[in-house]
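Everything on this sheet refers to the single structure shown next.
Worth saying up front: this structure is predicted, and the values here are computed from it rather than measured. Worth knowing before you read on, the calculation uses all heavy atoms, side chains too, and leaves out hydrogens, waters and symmetry mates. Naming: A, B, ... by sequence-line order, numbering from 1 per chain.
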Amino acid sequence: MELDTDVALVYRAREGDYGAFEQLFERHRALVYRFAYQMTNRRDDAEDIVQEAFVRAYQNLHRYRDEAKFTTWLLRIVTNLCTDQARMSQRRTALEQQEAMGALDWMTVGDIDDPVQNLEADRRKGALRKALAALPAHHRSVIVLRDIEEREYPDIAEILGCTVGGAKLRVLRARRALRDRIAPLLGE
Amino acid sequence: MNGKFEEKLAQLAFGDMSSEEAARIEAQVQKNPEAARHLAEYREMRGGLRAMADIPDHQLSNERLREAILARGLNSQPVEDRPARRGFGAGWVWMPVAACALGFFLISTRHKAVPAGGPVIELGNTVAATSMGDGRFAFNDKPSDVFASKRGTASEIKPTAPSASSAQTSAIATPVVSMEPSSRRHMARNRVRHSETERNGDPLFTSDSTLVAPNWGSSPITTPVEPPKAPKPIEKPKHDDSQVAENSGPIVLINSDTDADTGAPTATEVGTASNVVIGG
């Protein structure tokens, strides 16, 4: 076993090598942060979730089984954290959500020269982002995993703790739910 | 447009379909304007989601993580390996098991205890006895409802009489505690069938004919009656309070079934018990 594989680092971390765990953190924090950000739409919330996920991973290193990929195991922790966080933040005001979305305007830089078309593109992207944020956590997570992070179905199944067929079905239902939410926002 | 076809459109838009099937669906879409609109919406959705992959950079640091770990009381050393708990573990099981065992023990011993009000002699069978008023009971051989004993109570027992003879019908047993309907079910398993009685013409007893019991007012029976012997007619009722305590031995219930090999009647030993319902 190579010394720098995820499994090897986990074994070293279990035996007291904290530096090995730090390597795991540096290697996978971006992936975890991306997922948490897509789920929460807020940078500070996403960073908190990432930190909490790695703390829990450190606490439960003894439970990690090397049959699964370390990233899969980690994303399962993050998914649960995001679901909990979504449940707690349901009461967040619409104003805060709008503010969060407004902070992302810098991302919606149109690559079309026509300002009118740019405006329309921005409106549709905003509607998509809003619709995604409004999805239930169990739908949002599969959309993020499959259609944003582009993870394979076996990985998604392992993260969610279901079969590959079940994962495909959940993705299908989530896409339909997202489309149903977008239509009213676009005035269709 | 049905849901299945819409699912196909979503799969086509997101590239979750084989090339052959994708070509087939595309051909169908070209003939269906509504399907074409749905497909376009799904494709736009996919493009928009891909564009959302760009996010602001994080400010995560190793120091921040270490502080968070230390704040939890976890040192930089990993937690000692603990055995992974599978499910809820077996530790919690002992409590309900112990409760069930205790309940079963209490129930089983309760029926063996002798009531303070007087002895209860029970003999599971379908024959009931009629009180003769002087502490003696007449038995009959007609199948009747199963009756069970109840401690300390003395109510009327449904009378049945042995078919053998009038003398036999006056077979005396100990004063029998009457059965209450609620107790009858309990003794259902102790029935003694009377097919043998009817076949042989002799009353069948699961114990000796001189089944006796002390007075109800005296100390309760503590020993069971004598073990069964060959059935024989009872000519004279008698009971002896003093013999009760000495009569001990297993009690058997005569079954209606016969031995397959010999054809002889079979009986089931129910053990000794101080509570016996006498039947004939």
Original post:
If you count heavy-atom pairs under 4.5 Å with chain B, which of Gln38(A), Arg173(A), Glu149(A) comes out on top?
Top reply: Gln38(A)

Original post:
Quick one: what part of Gln51(A) sits under 4.5 Å from any heavy atom of chain B, side chain, backbone, both or neither?
Top reply: both

Subject >> Contacting moiety of Arg46(B), where chain A heavy atoms sit under 4.5 Å >> reply: neither

Original post:
Relative to chain B, which segment of Ile143(A) carries a heavy atom at a distance below 4.5 Å: side chain, backbone, both, or neither?
Top reply: side chain

**OP:** Name the region of Glu150(A), side chain, backbone, both or neither, that has any atom closer than 4.5 Å to a heavy atom of chain B.
**Re:** side chain

Original post:
Are any of the side-chain nitrogens in Glu47(A) or Arg42(A) under 4.0 Å away from the carboxylate oxygens of its partner?
Top reply: no

**OP:** Determine whether the aromatic ring centres of Tyr18(A) and Tyr58(A) lie less than 6.0 Å apart.
**Re:** yes

Original post:
How about Gln85(A) and Asp45(A): does a side-chain donor come under 3.5 Å of a side-chain acceptor?
Top reply: yes

Subject >> Engaged part of Arg34(A) at the chain B interface, taking heavy atoms whose separation is under 4.5 Å >> reply: both

Original post:
Which region of Val50(A), side chain (C-beta onward) or backbone (N, CA, C, O), has a non-hydrogen atom less than 4.5 Å from a non-hydrogen atom of chain B, or is it both or neither?
Top reply: side chain

Original post:
Which answer fits Arg146(A), side chain, backbone, both or neither, if we ask what part of it has an atom under 4.5 Å from a heavy atom of chain B?
Top reply: side chain

**OP:** Taking only Lys NZ, Arg NE, NH1 and NH2, and the carboxylate oxygens of Asp or Glu, determine whether Arg175(A) and Asp16(B) approach each other closer than 4.0 Å.
**Re:** yes

**OP:** Indicate yes or no: at least one non-hydrogen side-chain atom of Phe14(B) is less than 4.5 angstrom from one of Arg43(B).
**Re:** no

Subject >> His28(A) side chain near Phe54(A) side chain, heavy-atom distance below 4.5 Å >> reply: yes

